[in-house]
Every structure is written in C-alpha cells, then in structure tokens.
K.L.:
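Handing you this structure, nothing more for now.
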There are 2 protein chains.
Amino acid sequence: MLLNLSYTEENYIKAIYRLEQDGKPVNTNDLSEQLRTAAASVTDMLKKLKQKKIVHYKAYYGCNLTDNGRKHALMIIRRHRLWEYFLSKKLGFNWDEVHDIAEELEHVGSTSLINKLDAFLGYPRFDPHGDPIPDEQGHIIKLQNKLLSAVPLHTPVEVVQIGDQSANILELLNEKNIRIGTILEIRKRFSYDQSLEIKAGGKQITQISKELSQNILVQEHE
Amino acid sequence: MLLNLSYTEENYIKAIYRLEQDGKPVNTNDLSEQLRTAAASVTDMLKKLKQKKIVHYKAYYGCNLTDNGRKHALMIIRRHRLWEYFLSKKLGFNWDEVHDIAEELEHVGSTSLINKLDAFLGYPRFDPHGDPIPDEQGHIIKLQNKLLSAVPLHTPVEVVQIGDQSANILELLNEKNIRIGTILEIRKRFSYDQSLEIKAGGKQITQISKELSQNILVQEHE
DNA sequence: ATAAAAATTTAGACAAATCTAAAAAAAATA
DNA sequence: TATTTTTTTTAGATTTGTCTAAATTTTTAT
C-alpha cells in the first residue's frame, strides 16, 4: 500500500511532518534549514514528492503532506521511537545517545520487523523522551502537555516529554538530574531573560534558561 | 580506525570476501555475477576501492582484499550475523526470513550499537544458519565441516551449517524438516545426477539434489 | 603460432541528489 | 504605489553508482 521510499525521501517527509504541526503550509526555506540542504535542492525534491502524491505543493506557496504522506511519516516515527525504546531499555544506552542510532535504524523498512519488535518490547506507548509511539495503524496518542515556561509559580509538575531531541539538550538535562518523571516546581521567574529558578526532584535548586524551559513538557502532579 | 563506507561499497567488500575464500584473486566477472551488476561497473568500483586501500587490484588480473579490507569485511559479517541471531532468537522470525532483513540492518555502522547488541544476546558464537560470528576484534572460528555431498554412505552426521543463505534453500530445507542439529544418513547415491536418498532425523526418507547436498555442511555424529 | 572466443577495461551517457549563481515572484517598507 | 528586501525557483554543474557498446587484453583452441 505504501510506496518504497529512499532514505532521503524519508528524511524530507519526517522534516515536513515536524514543521507542519499547526496545519499551515511548510516553507521551502524552513525545510532547507531543518534539513541543512540548499533551498534549491528542496524545491527539486518537493516536485518529486508531489509527483509521488506524498505532498501537496504549489510553487512559491509551500507544501503539506497528503493523507498518504502523513501515513508514511507516522510509520517512520513509529520505527524511530521503537528503536529508541529498544536501545534504551534493552541495550542500556543513555537516552541522550539513542537518537542518532535510531535515525539510521528507522530506515529499515520491513513491516514485519517493526511489528515483531513492537511485540518483543511489550507494545510500549512512549519512547525514552516521552514521545508517543504510533501503533501499527498509525494512531498516535495526542498529549495535552504544557511547556514548563507556561507553568505558574509553586505548582508541582511532572516532566513527561522533551521537545528537542538533540544530544546537547539531553546532556544538559542529565547534568541537572532532570529526566522523564522528575517532579519540578518553579521558585522564581526572572523577567529580564525569562529564566527560571526551579526545584528539581524535591530538593535540588537549579537555573533554567528560557530556551530550555520551552523544551520541557510537563503535566500536573496530583 | 576503519573508514566510513557507503552501503554499496560494503556490499562489494562482502561479495569479494565471499568469493575470496581460497586465497586466489577474485575475477571481475564473478563479482559482477555475485552482485548482479555490469562488469564495467565493477571495474569502476574496484579502482575506487583500490584508492581507499581496501583491495589490491591490477587490471585484467583481479582483486583481493587488503588486511584493512578484510577487517571491514569481518565487521560487516559480524553485524549481519548478530542481527540474524537477534531476529531469530528474540523476535521469533524463522531462519529463512532473517537474511534479507539482516542485509539491511548490517549497514548501520555504530560500533557501540553492535557491541551492546552482542552483550545483550549473550555473546553468541554462531548465527541461526550455523555460521560463526566474528568477535569485536574480528576473530572468527574456523570450522572443519564437510559438505554432505562428500560424506560416505551409512555414516550418521549432524547438520551444522548451510552454505547458501537464500530464502529458497531455507524454504526447501524447512519442507524436508532439515535444520541445524538434524542428524542425516545417506542411504543411496545415484551416479546419474549425483542426487542422494537420505534418512533425516532418524526416520524420514527424502531425496536431495546435488546442488542441495553441496550446500549442507555437516560434522560427524558420535 | 595464429585465429577465435572469452574476459576485462575504456568511453560516453544517464539518474538521483546535491550545489552555486542568477532570475523571478512575493512580501515588506517607504 | 513604487521600491527594496526576502523568499523561492530556474539554470547549469557536480558526484556517485550505474548502464551499453566498443576496444583491448588474455585465454583457449585449432
């Protein structure tokens, strides 16, 4: 049912999916930045993906995934997140090491491989960063998480997801002993740079920059 | 220490390693057949691999792996066989389904991935087809197995390895209930086509073609 | 030893994905 | 609205791995 796509095409689809979250069309320039590829190359690829009915594309307007394209995206994400779970839970990698390896493994396309891996792992619903794993049909749990930056003072919240997947952010969070499940509470908010002073895990006090606070997703804690 | 190679280059190295087993130089034509690629393309690639010091190559003569090339080959084989073991033992695939998937997984190059996978699997020494798995240093157990075609009549032997890895042969062996560990005994040998009549697993009588008998490796059974 | 056959390499072309530089369109600004 | 700036596309070139057809070298057979 789904076409066989090249490694490169899959990376474009993933990037479009990521940038598309609000329904608006995705710019060529934003895509070119996301993929670190010249804008001219992106234009070429978008024409190709249009031909394959993976994106809607109009010159000078931008692109969106078709229903079919979105299915592809969800399958790639499913593969990526299942491998991340495997690497972290079975092979003992740290959560800040799994992303790059999963980035390669996700392109191995066999459907039966992924479904058997899913079963082997016990049908996990979230990857080690707290992101939901789409099921075999491409259904994905929608979370109503808040950004830490939007949480009021003195309200205990639980870390449930990290927005950015770079090794850099995960290294920083490790340093501060913040991981999925950690309870946070904001003590002060500095309006000068919108940085925060928080209590992490019930005792440790630490400073959080604006950028970081916009990449930590939390839920209320009882 | 080892260079980063493309998917394609790795496939050439694997094919050369396979054809090189007896130390003699590998012909361009044999390689081109093995890889299902035009001989002219093979010539081009051999020049490139020579530049990268992966093969010794002289025009009209043939090629051999350098010591460095052989190290690469052993690492690719290590990755392939560890994935085959994982697919078969952990995910529950049949042994005739694992080869093609491992063929893709083997190109994911992370060394720490493979070493952690090895540990997770308990450092297995043989893959599901009975082939030895090279260790982290590239050491590989040399087996002195016999081809079934070379075994005398009425001598019980144990299947320890399958030479050819195609799904076709494995399907045929499944049909005949022959797998690693099965005890075989040759009952008759037909000189017309060198086919065999054998007893498999102590009771079942079945016919084996010459081709098949040259791809079943066995050891003496007590 | 010489001619015929087989194997291998060279030459030139092609497809995929990329690039830079220039042109064109859309958006922002005056 | 006219002009400038930004974004996007077109044009033409590059790299990797591939192909076919022709030329060359090696091997085989007469």
Side-chain angles (χ1 to χ4, degrees), chain A residues 3-16 18-20 22 24-65 69 72-73 76 103-104 106-107 109, chain B residues 3-20 22 24-65 69 72-73 76 103-104 106-109:
Chain A
L3 294 170
N4 237 19
L5 300 176
S6 75
Y7 192 109
T8 314
E9 290 166 330
E10 291 196 338
N11 283 337
Y12 274 84
I13 292 172
K14 253 199 318 177
I16 296 168
R18 199 173 307 142
L19 293 173
E20 201 189 28
D22 47 2
K24 272 171 278 179
V26 175
N27 305 330
T28 301
N29 255 14
D30 291 353
L31 249 182
S32 103
E33 198 186 327
Q34 177 80 209
L35 292 161
R36 293 150 191 268
T37 297
S41 315
V42 173
T43 299
D44 287 348
M45 181 58 88
L46 288 178
K47 288 184 194 162
K48 199 176 132 192
L49 292 177
K50 181 186 179 168
Q51 278 216 316
K52 295 196 176 184
K53 313 217 174 189
I54 288 181
V55 299
H56 301 293
Y57 167 69
K58 250 189 83 174
Y60 296 102
Y61 168 81
C63 70
N64 280 105
L65 291 173
H72 273 287
I76 301 165
E103 199 82 351
E104 292 197 61
E106 75 188 9
H107 298 291
Chain B
L3 292 172
N4 236 19
L5 300 176
S6 74
Y7 192 109
T8 313
E9 289 166 332
E10 290 196 339
N11 283 337
Y12 273 84
I13 292 172
K14 253 200 318 176
I16 295 167
Y17 182 86
R18 200 173 307 142
L19 294 173
E20 201 189 29
D22 47 2
K24 273 171 277 176
V26 175
N27 305 329
T28 301
N29 255 14
D30 291 353
L31 248 182
S32 105
E33 199 186 326
Q34 176 81 210
L35 292 162
R36 293 152 191 267
T37 297
S41 315
V42 173
T43 299
D44 287 347
M45 181 57 88
L46 288 178
K47 288 185 195 163
K48 198 176 134 193
L49 292 176
K50 181 185 179 170
Q51 277 217 316
K52 296 196 176 185
K53 312 217 175 188
I54 288 179
V55 299
H56 301 292
Y57 166 69
K58 251 189 82 173
Y60 297 103
Y61 168 81
C63 71
N64 281 105
L65 290 173
H72 273 287
I76 301 165
E103 199 81 353
E104 293 196 60
E106 75 188 9
H107 298 291
V108 176

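Atom set for the values below is all heavy atoms of this structure, side chains included, hydrogens, waters and symmetry mates excluded. Naming: A, B, ... by sequence-line order, numbering from 1 per chain.
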K.L.:
Roughly, in whole Å, what's the span from CG in B/Asp44 to P in C/dA13?
P.N.:
15 Å
K.L.:
Which pair of non-hydrogen atoms, one from B/Glu106 and one from B/Glu10, has the smallest distance, and what is that distance?
P.N.:
O-OE1, 4.2 Å
K.L.:
By side-chain contact (heavy atoms from CB on, under 4.5 Å), which residues pair with B/Asn64, not counting sequence neighbours?
P.N.:
B/Glu20, B/Pro25
K.L.:
Is there a residue in residues 5-15 of chain A whose heavy atoms reach under 4.0 Å of DNA chain C, and which residues are they?
P.N.:
A/Ser6, A/Thr8, A/Tyr12
K.L.:
Figure out the NZ/P separation between B/Lys50 and C/dT9, and round it to whole Å.
P.N.:
11 Å
K.L.:
According to salt bridge (charged side-chain N to carboxylate O under 4.0 Å, His left out), who are the partners of A/Lys52, at least two apart in sequence or on a separate chain?
P.N.:
A/Glu9
K.L.:
Taking side-chain contact (heavy atoms from CB on, under 4.5 Å) as the definition, give me every residue that meets it alongside B/Lys50, ordered by chain and number, with sequence neighbours left out.
P.N.:
B/Val55, B/Tyr57
K.L.:
Side chain of B/Ala40 only, please: which of C/dA11, D/dT18, C/dA21 is the nearest?
P.N.:
C/dA11
K.L.:
Show the distances under 3.5 angstrom between N or O atoms of the protein and N or O atoms of nucleotides 3-8 of chain C.
P.N.:
residue : atom : partner : partner atom : Å
C/dT8   : OP2  : B/Asn29 : N            : 2.8
C/dT8   : O3'  : B/Tyr60 : N            : 3.4

K.L.:
Which heavy-atom pair separates B/Leu65 from B/His56 by the least distance, and what is that distance?
P.N.:
O-CD2, 3.9 Å
K.L.:
Under 4.0 Å between a side-chain N or O of B/Lys47 and OP1 or OP2 of C/dT9?
P.N.:
no
K.L.:
I need the CZ-C1' distance between A/Arg36 and C/dC19, as an integer number of Å.
P.N.:
17 Å
K.L.:
A/Ile54 versus A/Leu5: any side-chain heavy-atom pair under 4.5 Å?
P.N.:
yes
K.L.:
Return the set of residues passing side-chain contact (heavy atoms from CB on, under 4.5 Å) with A/Tyr7 (not counting sequence neighbours), or none when no residue passes.
P.N.:
A/Asn11, A/Glu104, A/His107
K.L.:
Side-chain polar contacts of residues 30-43 of chain A - donor-acceptor pairs under 3.5 angstrom, sequence neighbours left out - could you list them?
P.N.:
residue : atom : partner : partner atom : Å
A/Asp30 : OD2  : A/Asn27 : ND2          : 3.0
A/Ser32 : OG   : A/Asn29 : O            : 3.2
A/Ser32 : OG   : A/Thr37 : O            : 3.4
A/Gln34 : OE1  : A/Arg18 : NH1          : 2.4
A/Thr37 : OG1  : A/Leu35 : O            : 3.0
A/Thr43 : OG1  : A/Ala39 : O            : 3.3

